[in-house]
Every structure is written in structure tokens, then in C-alpha cells.
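Here is the structure we will look at.
Quick note: numbers below take in every heavy atom, side chains included, and nothing from hydrogens, waters or symmetry partners. Along the sequence shown, residues carry numbers from 1.
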Amino acid sequence: IGTTRGLHSFRRTPEGWRDEGTLPGFAENVRALAEGSDGTLWVSTLAHGLRRIEPAVGRNPPRITPLSAAHGLPAAFERSSTIDWDGEPLVLLNTTAQPFRLDRATQRFNAFTPTASLPTGPFPDSWIAGSTDLAGPEALWLAGPPGIFHVPRVGGAPRRLPQIVTETLGAISCLRE
């Protein structure tokens, strides 16, 4: 569970819920969490960017890695958001409308190319991503100041929802098909 004071873990067991406590050494204000297919947590914080938290192994504690330009992200960004999309993290930043996907082979983030034609920022807050039940991992919803877009994973440009939809909504805080 992401909180304003870090990450807290509860685990369901046959005996009931077990409180595993707060992750030591991580007192960040958590905005969003995504879990990779290998159990790695991708954590967006309010003021300190993006962190990768690899699960504890044996007696070794979880490993916390701040992510930066060395990992393929832009050099400077204030806010980030992340969602689990098809078992891997998708990262959105307030400095660009283009999300970043993790390349497992290189362990670097790359700009998600189907979003290259989206309006560019920077924007005062991060874009918001939403999953899609109907198209599964083959599509993504993105909402930001310029509108709401349906983005196919491959083969096609993002489609903007009609202006009538976006004009009547106000600020968008979450999105799901």
C-alpha cells in the first residue's frame, strides 16, 4: 500500500491478514505503484521521481534504485506516474506526453513510439494512464491537458476522443475503459 509516508505491506495467509510493516529506508510520498512480472515494484513519488524496488531475497533486504537519465528517462522531471501494463511498467512524466516502457533486455526505459504524435508539454501535472478491459494489453488510454486519447500498442496513431467529451469533464483523476 502506497502512503504519504512510504510503502506498507499486508499479506493474506490461511490464518488471515498479516501486517508486514513499512519498507525500511523508504519514507517517500507514493503517488502510484506498478508491479512487473518478476515482482519488482515501480514506485512514483510526489517529489523524488521514480524508484525501482526489487523484492527481498533470503535475508537480503529489498533493493531500492532511484531511476534517472542513466536508465533512459529524461534528465529532469518533477512528477511521475506509473501503471502496470501487460506485466511491465509504463511511466508517464509531467515533462512529456510520451510515456516510457521498460526494455527488459537492456533494463532501460524507451519512449513508447505509438504516442509520438501526441501534443507535447510540459504540462503542470503528469498525464494519466488507464487500462482497457476490451483491448487488453493491445491498447492504452491517456488523459492530459490536451484531451483523452486511445493509443493502440502497434499499428496506428492515437485517436483523440471528441471535444464534447473532454470539454464537460473538468480535471481527470483516473481513467478506465
Side-chain angles (χ1 to χ4, degrees), residues 1-115 122 125-133 136-142 144 151 153-154 173-176:
I1 300 173
T3 73
T4 57
R5 298 182 316 239
L7 291 172
H8 200 92
S9 177
F10 290 90
R11 187 170 310 276
R12 188 170 185 165
T13 68
E15 295 80 36
W17 289 96
R18 185 177 78 212
D19 184 347
E20 295 182 326
T22 302
L23 178 65
F26 190 81
E28 304 289 340
N29 185 336
V30 176
R31 284 181 54 121
L33 295 170
E35 183 177 5
S37 56
D38 63 355
T40 297
L41 283 180
W42 304 88
V43 183
S44 295
T45 66
L46 181 62
H48 296 100
L50 186 65
R51 303 288 189 261
R52 176 179 54 213
I53 301 177
E54 297 172 70
V57 177
R59 293 184 180 256
N60 295 326
R63 189 166 75 174
I64 302 169
T65 306
L67 301 172
S68 64
H71 301 95
L73 296 172
F77 60 92
E78 293 175 7
R79 296 183 194 99
S80 66
S81 182
T82 184
I83 64 165
D84 171 11
W85 190 40
D86 194 25
E88 299 303 334
L90 180 80
V91 177
L92 294 103
L93 309 171
N94 68 317
T95 55
T96 177
Q98 200 167 16
F100 292 80
R101 291 274 317 214
L102 179 69
D103 180 329
R104 280 276 174 210
T106 64
Q107 287 297 298
R108 288 182 51 82
F109 283 91
N110 297 310
F112 184 55
T113 55
T115 60
D125 211 352
S126 297
W127 282 66
I128 295 180
S131 59
T132 167
D133 291 333
E138 299 307 315
L140 174 73
W141 289 97
L142 289 175
V151 182
R153 188 172 184 166
V154 294
S173 60
C174 62
L175 188 63
R176 183 164 178 89

Would you say [X] and [Y] make side-chain contact, with heavy atoms under 4.5 Å?
X     : Y     : value
Thr45 : Asn29 : no
Arg52 : Trp42 : yes
Asp38 : Glu54 : no

How many angstroms lie between [atom1] in [X] and [atom2] in [Y], if you round to the nearest 0.5 Å?
X     : Y     : atom1 : atom2 : result
Thr13 : Arg18 : OG1   : CZ    : 6.5 Å
His8  : Glu20 : NE2   : CD    : 9.0 Å
Glu28 : Thr3  : CD    : OG1   : 11.0 Å

Donor-acceptor contact present, side-chain Arg51 to main-chain His48, <3.5 Å: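 Side chain of Arg51 to backbone of His48, a donor-acceptor pair under 3.5 Å: yes, one is there.
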
Is a side-chain N or O of Arg108 found less than 3.5 angstrom from the main chain of Ala70, in a donor-acceptor match?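 Such a contact is found between Arg108 side chain and Ala70 backbone.
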
Testing Ile53, Ile1, Thr22 for side chain to side chain contact (heavy atoms under 4.5 Å, CB included) with Leu7, which one passes?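 For Leu7, the side chain to side chain contact (heavy atoms under 4.5 Å, CB included) check succeeds only for Ile53.
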
Least distance between heavy atoms, [X] atom then [Y] atom:
X     : Y      : value
Pro55 : Gly39  : CG-O, 3.6 Å
Ile64 : Pro24  : CD1-O, 4.3 Å
Asn60 : Ala56  : O-CB, 3.2 Å
Leu50 : Phe109 : CD2-CZ, 4.3 Å

Can His71 and Leu102 be said to form a side-chain contact (heavy atoms from CB on, under 4.5 Å), step by step? CA-CA 9 Å; His71 301 95; Leu102 179 69; over 6 Å; no

Is it true that, when you exclude Arg104 itself, more than 12 heavy atoms of the residues, nucleotides or ligands shown sit nearer than 6.0 Å to its CZ?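 Atom CZ in Arg104 is packed in, count exceeds 12.
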
